[in-house]
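In what follows, every chain begins at residue 1, and chains take the letters A, B, ... in the order their sequences are listed.
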Amino acid sequence: MPTLGKVRPHPTQNEPLLFELSRPGKRGYQLPPLDVPEASPEEALGAENVRREIEDFPELSEVEVLRHFTRLSTWNYAIDLGMFPLGSCTMKYNPRINEAAARVEPLAWAHPYQPEELSQGAMEIIATLEQYLAEIFGMSEVTLQPAAGAHGEYTGIMLIRAYLAAQGNPRKVVLVPDSAHGTNPATAVIAGYEVKTLASNDRGMTDPAAVAAAVNEDVAALMITNPNTLGVFEEHIEEIAEILHAKGAQLYMDGANLNALVGVARPGDFGVDVLHANLHKTFSTPHGGGGPGAGAVGVKPHLAPFLPVPRLKREGGLLRWDYDRPQSIGRVRAFYGNFGVMIRALAYILAHGGEGLRRATLDALLNANYVRARLEPYYQIAYPSRSMHECVFSDARQEKRGVRTMDIAKRLLDYGFHPYTVSFPLIVHGAMMIEPTETEPKAELDAFCDALIAIAQEVEENPELVKSAPHSTRVSRVDEVSAARKPRVRWTREAAG
Amino acid sequence: MRYLPNSDADRQAMLAACGLSSLEDLYRHVPENALIREPLKIPPGMSEYEIMAYFRAQAEKMAHGYASFLGAGVYAHYRPVLCDVIAQRGEFLTSYTPYQAEYAQGTLQSIFEFQTLICQLTGMEVANASMYDGSTAVAEAAMMAYRITGRSKFFAPLNLHPEYRQVLDTAAHNARMSVATYPYDAATGQADLAALERLLDEETACVILQSPNFFGVVEDVRAAAEIAHRRGALLVVVFTEAVSLGLLEPPRDADIVAGELQSFAISPSYGGPFAGVIATKEKYIRQIPGRLAGETRDQDGNRAFCLTLSTREQHIRREKATSNICTNQALVALMATVFLSVYGKQGLRELAVQNLSKAHYLAGGLELRFTGKFFNEFVVKPRRMTPQQALERLLEKKILGGVALARFYPELADCLLVCATEMNRREDMDALKEVLA
Ligand SMILES: Cc1ncc(COP(=O)(O)O)c(C=O)c1O
């Protein structure tokens, strides 16, 4: 497909690397005058410890730095530009008041080791968020130390290990359904377990019979995602919990999809012993191109003694950090977690209130089901079960014309939408996983569905058009295969020539 | 709820399209037992005004207007305005992990630049796109050393940041590996490499060394590397004060460098979010955890970037992945990238020299506990009172005087860890000296 008349305006579309822009002697900073005598680095540090220069480090003026990153930013897609329907990622609107709250100076500039008496506001924020999340989860306690969802999984599985070890046997195996996110099996392994995979049934659910057949005295836990990565509520969850508990095993819930449940159902009420939720999904803290996030972990009382240190405790009207927790698994991160992310999540909860959170969940379910209803005539739904907050299609119909989920995804870029999640979950042939979230207006959903319907038409009439997409983005399809064959992960003067 | 864009008419139309008659029908299939029984005990939604008032009220209960000499892994450095200007652009702030390369070239190129800057600073050949923080980066570096060497014991010095050591302990314990410690030299404050040499065995995957260490003292990386390598172990060099890299010889003899970038424009924020990083030699690239951006071409031959070597990662390799990390600290790494671009080659050095100068001015006339060379942090023994008394006296002058080391080191219970950066004014330093001298 020729890109008719497409040019790349030089200044905005061909921005070089920082290192290519750099010219000796340029500077974009000015330090205040030094109000003490200047130390000699050689004397203070020893000549052998002082570097001569940072070779090839960039030298730029301030305006060039600003333009550089501003130009780069325009090569990105973002929620601020439109719908970002990545399934399992919960790309919802990021309220800007949350950014303002996180920048209130005495919070943003708080040092983790300043006296507790002078940190009560930050500690109160953490305590309040823990309390609200415990209420949302239906769990008795919450830790906010983990830095992301996967880190929360890791914490949760370690809690299970510590609890079982305290009873004499940490056990060896963690069960993971085949629909699970990759972090689940990876987590189980780094927490010292073997993974056994459970096949999902023909309704896209975990079968109690399969769990019963797999669980024995070696099994420490089942890691289940609910709703699972097909967007399907695990209808047998309580029965599964009973089966596990009868054998002394624990039920871990990956709460990445909690956006389907807040205010409607609570994991603690349906048998879950420990879960994590991603504050950067359900609780709207910005993804920032890949992070930061925070992973809140909620537990039932029997796991609480093992939570990471330190824990907050109220003592004579003051909050204190309690390090004296002999059964604790220890620390999973320095300090107290991603506090700045916690502020944003709390601001989100405060803005909604209890009833607002429930309304948000209902709209998330409605948006997903609406998209499903509009697209089902054109794309094959992966499993006929009812959808919660996301819907998963297969590219089975389009594959007959030689077009795969990745091609359709790339063609969506031409229509101005970020694609859905491609090829995940792995159990769906050519998965197209769509999560609109509650913050998309109907008009945006309609435009997105219209685009996918138009593409379905193109697949019939002109499959090559779709297979060679994208045609209108700044770069055409990126060659990921050769990138991996000969990895170039940094700029060097030599390679640049 | 003001974040929900649909009108009731929209909802009705959408429900009809789904063949449903009420919103509650959307979860009719969820077993009755699993449904919540009463409304969430969370107060009604607030306006923007009320939300800001809430956080400002919490801020009132925080230290404000204090001069601070706290360091110990979290440093107060000036944050150039551009860092926030760029990080607040919606195109960076509200985008996802750049899996769809054609729609994320901005993020991908900036990660590529970040990785290059980290290599230039550390003297390593490859760096990843970020880890959660310095403490988890160290634990991940140890696991990486395990994968490379097949050995499952780690040696950590007692002058490694104590909370980093705790994180490493947790990780090693659960992976059924072990952490052995080696002491620091009571006179210099440096890691006791002679003791390390005696203790180190052939089962060790890596020796860990922090420089500048928790006491602020610069270590002899080359000597540690020689000792480690003689036993077939790797050397992992750790840093918590990234500004020191502007002036210090980079740890070229390390096999892996694991560090914390908070000093590069990240506000202290009561301990996070920060950004960790792992850098290493090219030959270990397939063992590095986390994301990597790489250079490639698009179909028209234009330069382009994409995430690469993802066969190391959990979404492809699942239980065989190098790590379970998925979400990292991308936006924080972007802020660090902007910071380094603003300061540049000359500026980072000048900034480091200011830190060095302030800390050495501050140390003048005080009783330093260790003789080792230091960058912007040092251990001091107050001459006339206990550390607690000194801190209290300083609080009265609105000064946060340092970290009392009793909480981590009983043998240093009479000492404070004190830090000076370019943000500290001479008059506050003089006030601190008056109390500690
Ligand atoms: C189902 C599921 N589990 C776990 C994770 C991992 O969470 P994080 O990226 O916050 O580490 C994700 C994130 O994409 C997910 O979708």
Side-chain angles (χ1 to χ4, degrees), chain A residues 28-29 35-36 39 51 57 59 65 69 72-73 75-80 101 106 108 110-112 118 120-122 147-148 150 182 185-187 189 195 270 288-293 330-331 334-335 338-340 353-354 356 362 365 369-370 373 386 441-442 473 475-476 478 483 488 490-491, chain B residues 1 5 10 14 23 26 34 40 42 44-45 55 58-59 61-64 70 86 89-91 94-95 97 101-103 105-107 116 132 135 163 166 170 267 269-273 294-296 298-299 304 308 314-315 318-319 321 324 327-331 341 344-345 347 357 360-361 426:
Chain A
Y29 74 99
D35 60 0
V36 298
R51 80 191 298 166
F57 217 60
E59 296 176 78
V65 173
F69 290 103
L72 293 191
S73 78
W75 304 348
N76 270 1
Y77 188 77
I79 303 174
D80 280 6
H111 191 287
L118 294 173
Q120 291 293 303
T187 295
V189 167
V195 171
F270 52 72
R331 272 186 178 282
F335 315 115
N338 281 345
F339 175 67
L362 297 180
L365 303 185
N369 278 276
Y370 178 69
R386 295 284 305 273
K442 177 172 179 292
T473 45
V475 294
S476 58
V478 168
R488 285 215 344 185
R490 65 176 289 203
W491 175 88
Chain B
M1 208 298 118
D10 289 332
M14 292 163 75
L23 289 170
L26 288 159
L40 290 174
I42 293 175
F55 286 103
Q58 298 310 325
K61 297 184 261 173
M62 303 295 290
H64 192 36
L70 295 166
I86 298 300
R89 284 194 68 93
E91 299 92 330
T94 75
S95 65
T97 306
E102 298 83 358
Y103 245 21
Q105 284 296 304
T107 292
T116 304
Y132 301 136
S135 70
E163 296 198 8
Q166 291 164 9
T170 307
S267 42
S269 193
Y270 204 51
E295 186 183 326
T296 185
D298 74 358
Q299 280 184 344
T308 194
Q314 46 73 30
H315 61 285
R318 300 176 76 84
E319 60 265 33
N324 71 337
T327 289
N328 59 15
Q329 302 286 125
L331 192 74
S341 310
K345 186 178 198 163
S357 304
H360 283 76
Y361 173 78
R426 181 174 186 148

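- For B:T170 against A:R331, the heavy-atom pair with the smallest separation is OG1-O, 2.7 Å.
- Ranking B:G45, B:P44, B:P273 against chain A, the residue ahead of the rest is B:P273, based on heavy-atom pairs under 4.5 Å.
- Atoms NZ and CG, on A:K442 and B:D10 in that order, are 6.5 Å from each other to the nearest 0.5 Å.
- If you tally non-hydrogen atom pairs under 4.5 Å between each of A:P112, A:G353, A:A373 and chain B, the highest count goes to A:P112.
- When side chains are defined from C-beta on, A:T473 does not count as touching B:Q105, because their heavy atoms never get closer than 4.5 Å.
- Residue B:Y132 comes nearest to A:A148 through the heavy atom pair CE2-CB, 3.6 Å, listed as atom of the first residue, atom of the second, then distance.
- Ranked by non-hydrogen atom pairs under 4.5 Å with chain A, the options B:E295, B:M62, B:K61, B:Q299 are led by B:M62.
- The shortest heavy-atom contact between B:F55 and A:A101 is CD1-CB, 3.7 Å.
- The salt bridge (Lys or Arg N to Asp or Glu O under 4.0 Å) search around A:R490 returns none, not counting sequence neighbours.
- Judged by distance alone, the side chain of A:D35 and the main-chain N or O of B:R426 form a donor-acceptor pair under 3.5 Å.
- Comparing A:A39, A:P106, A:A150 by heavy-atom pairs within less than 4.5 Å of chain B, the highest count is held by A:P106.
- When atom types are taken as modelled, the side chain of B:T116 and the backbone of A:W491 share a donor-acceptor pair closer than 3.5 angstrom.
- Atom-to-atom distance recorded for A:R488:CZ and B:T308:OG1 is 12.5 Å, nearest 0.5 angstrom.
- Of all non-hydrogen atoms in A:F270 and B:A34, the two that sit nearest each other are CD2-CB, 3.8 Å.
- Annotation: the span from A:F335 atom CZ to B:S269 atom OG amounts to 12.0 Å, rounded to 0.5 Å.
- Per-residue counts of heavy-atom pairs under 4.5 Å with chain A were compared for B:M14, B:H315, B:H360; the largest is that of B:M14.
- Looking at A:V36, both its backbone and its side chain come within 4.5 Å of chain B, counting heavy atoms on both sides.
- In terms of heavy-atom pairs under 4.5 Å with chain B, the best-connected choice from A:V195, A:I79, A:N369 is A:I79.
- Heavy-atom distances place both the backbone and the side chain of A:F57 under 4.5 Å from chain B.
- Your options are B:G347, B:A330, B:G90, B:G344, and the one with the most heavy-atom pairs under 4.5 Å with chain A is B:A330.
- Smallest separation of non-hydrogen atoms from A:P185 and B:R318: CG-CB, 3.7 Å.
- Between chain B and the options A:G354, A:G330, A:G28, A:G293, heavy-atom pairs under 4.5 Å are most frequent for A:G354.
- Qualifying side-chain hydrogen bond (donor to acceptor under 3.5 Å, both in side chains) partners for B:Y103, counting only residues two or more places apart in sequence or in other chains: none.
- Heavy-atom distances place the side chain of B:I86, and not its backbone, under 4.5 Å from chain A.
- Taking CD from B:E91 and OG from A:S73, the interatomic distance works out to 4.0 Å, rounded to the nearest 0.5 Å.
- When A:V189, A:V65, A:V478 are compared by the number of non-hydrogen pairs under 4.5 Å with chain B, A:V478 comes out ahead.
- The contact between B:M1 and chain A is made entirely by side chain atoms (from C-beta outward), counting heavy-atom distances below 4.5 Å.
- The candidate from B:R89, B:E102, B:H64 with the greatest count of non-hydrogen atom pairs under 4.5 Å with chain A is B:E102.
- Residue B:Y361 touches chain A through its side chain alone, counting heavy-atom pairs closer than 4.5 Å.
- Using a 4.5 Å heavy-atom cutoff, the side chains of A:P292 and B:T327 are not in contact.
- Annotation for A:G289 and B:T107: closest pair O-CG2, 3.9 Å, computed over non-hydrogen atoms.
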